[in-house]
**Q** 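Before I ask anything, let me first share the structure, which is written out below as structure tokens.
Please read these numbers as outputs of a predicted model, since none were measured by experiment.
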Amino acid sequence: MDNIKFLNSIEKLLREKQQSYGNFDETSFIMAKIAENYLSLHNKKEVKVPYKFFGLFMIMLKCWRIMQQKSYKKDSHDDIAGYNELLRRLFINENNTK
């Protein structure tokens, strides 16, 4: 029963965040392309960045914030769970389209 509550709260969180911030897959694609362009220009050679980069970066950012917090903040942990789920779905979709 706890797993069902957890999954329902994750789904609700993801719907709310997507309404505020846009589609995660599209954002991942755009952020990967921005990183590729910057790194390629900086290194003077073509650099490829996987779409998973954005989700992993956001999880690391949320972990850093947790490390800096003086007290427990539920939303930071919820965000990590949400990004992890979005990243899992992106990975599955990426493998299914190959």
**Q** Among residues at least two apart in sequence or on other chains, which ones pass side-chain hydrogen bond (donor to acceptor under 3.5 Å, both in side chains) with Q68?
**A**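 side-chain hydrogen bond (donor to acceptor under 3.5 Å, both in side chains) check on Q68 returns nothing, list empty.
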**Q** Look at the side chain of N93 and the backbone N and O of R89, then say whether any donor-acceptor pair between them is shorter than 3.5 Å.
**A**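 At least one qualifying donor-acceptor pair exists.
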**Q** Output all residues satisfying side-chain hydrogen bond (donor to acceptor under 3.5 Å, both in side chains) with K33, sequence neighbours left out; order by chain, then residue number.
**A**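 Partners of K33 by the side-chain hydrogen bond (donor to acceptor under 3.5 Å, both in side chains) criterion, ordered by chain and then number, come out as E36.
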**Q** List in chain and number order the residues that pass side-chain contact (heavy atoms from CB on, under 4.5 Å) with I92, two or more places apart in sequence or in another chain; answer none if no residue qualifies.
**A**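 Result, side-chain contact (heavy atoms from CB on, under 4.5 Å) vs I92: R88, N96.
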**Q** Taking C-beta and beyond as the side chain, do I66 and I80 meet within less than 4.5 Å on heavy atoms?
**A**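 They are in side-chain contact.
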**Q** Once you round to the nearest 0.5 Å, how far does CG of N84 lie from CG of D79?
**A**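 Reported to 0.5 Å precision, the distance equals 12.5 Å.
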**Q** List in chain and number order the residues that pass salt bridge (charged side-chain N to carboxylate O under 4.0 Å, His left out) with K74, two or more places apart in sequence or in another chain; answer none if no residue qualifies.
**A**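 Testing K74 for salt bridge (charged side-chain N to carboxylate O under 4.0 Å, His left out), a comparison that skips the adjacent residues, returns D78.
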**Q** Measure across A81 and I10 and return the closest heavy-atom pair with its distance rounded to 0.1 Å.
**A**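 Closest pair (atom of A81, atom of I10, distance): CB-CD1, 3.5 Å.
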**Q** Return the set of residues passing ring pair (Phe, Tyr, Trp, His ring centres under 6.0 Å) with F29 (not counting sequence neighbours), or none when no residue passes.
**A**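 Y51.
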**Q** Apply side-chain hydrogen bond (donor to acceptor under 3.5 Å, both in side chains) to K44 and list each qualifying residue two or more places apart in sequence or on a separate chain.
**A**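 K44: no side-chain hydrogen bond (donor to acceptor under 3.5 Å, both in side chains) contacts found.
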**Q** Could you check E94 against K52 for side-chain contact (heavy atoms from CB on, under 4.5 Å), going step by step and ending with a plain yes or no?
**A** CA-CA 10 Å; E94 190 177 69; K52 295 178 239 46; 2.9 Å; yes
**Q** Tell me whether F53 is reachable from F91 by hopping between hydrophobic residues (I, L, V, M, F, W, Y) whose side-chain heavy atoms are closer than 4.5 Å.
**A**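 F91 and F53: separate clusters.
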**Q** Can you list everything that forms a salt bridge (charged side-chain N to carboxylate O under 4.0 Å, His left out) with K45? Sequence neighbours excluded, please.
**A**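 None.
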**Q** Check for me, please, whether M31 and L61 land in the same ILVMFWY cluster - side-chain distances under 4.5 Å, paths through other members count.
**A**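 M31 clusters together with L61.
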**Q** Mind checking side-chain hydrogen bond (donor to acceptor under 3.5 Å, both in side chains) for S40 and listing every partner two or more places apart, or none if nothing turns up?
**A**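 So S40 forms no side-chain hydrogen bond (donor to acceptor under 3.5 Å, both in side chains) with any residue.
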**Q** By the side chain to side chain donor-acceptor pair (under 3.5 Å) test, which pairs, at least two apart or in different chains, include something from residues 14-29?
**A**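 Sorted result for residues 14-29: empty, none.
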**Q** Apart from W64 itself, which Ile, Leu, Val, Met, Phe, Trp or Tyr residues share its cluster (side-chain heavy atoms under 4.5 Å, direct or through members)?
**A**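 Via sub-4.5 Å side-chain contacts, W64 links to M67.
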**Q** Treating Ile, Leu, Val, Met, Phe, Trp and Tyr as nodes and any side-chain heavy-atom pair under 4.5 angstrom as an edge, say whether I59 and L90 lie in one connected cluster.
**A**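 Same cluster.
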**Q** What's the shortest heavy-atom distance between P50 and A32, and which atoms?
**A**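 For P50 versus A32, the nearest heavy atoms are O-CB, 3.9 Å.
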**Q** Say you draw a straight line from CZ of F24 to CG of L87; how long is it, rounded to the nearest 0.5 Å?
**A**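 Answer for the CZ-CG pair, F24 versus L87, is 5.5 Å.
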**Q** Pairs in or reaching into residues 66-86: which pass ring-ring contact (aromatic ring centres under 6.0 Å, His included), with residues at least two apart or in two chains?
**A**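 Applying ring-ring contact (aromatic ring centres under 6.0 Å, His included) to every pair that reaches into residues 66-86, excluding sequence neighbours, yields Y72-H77.
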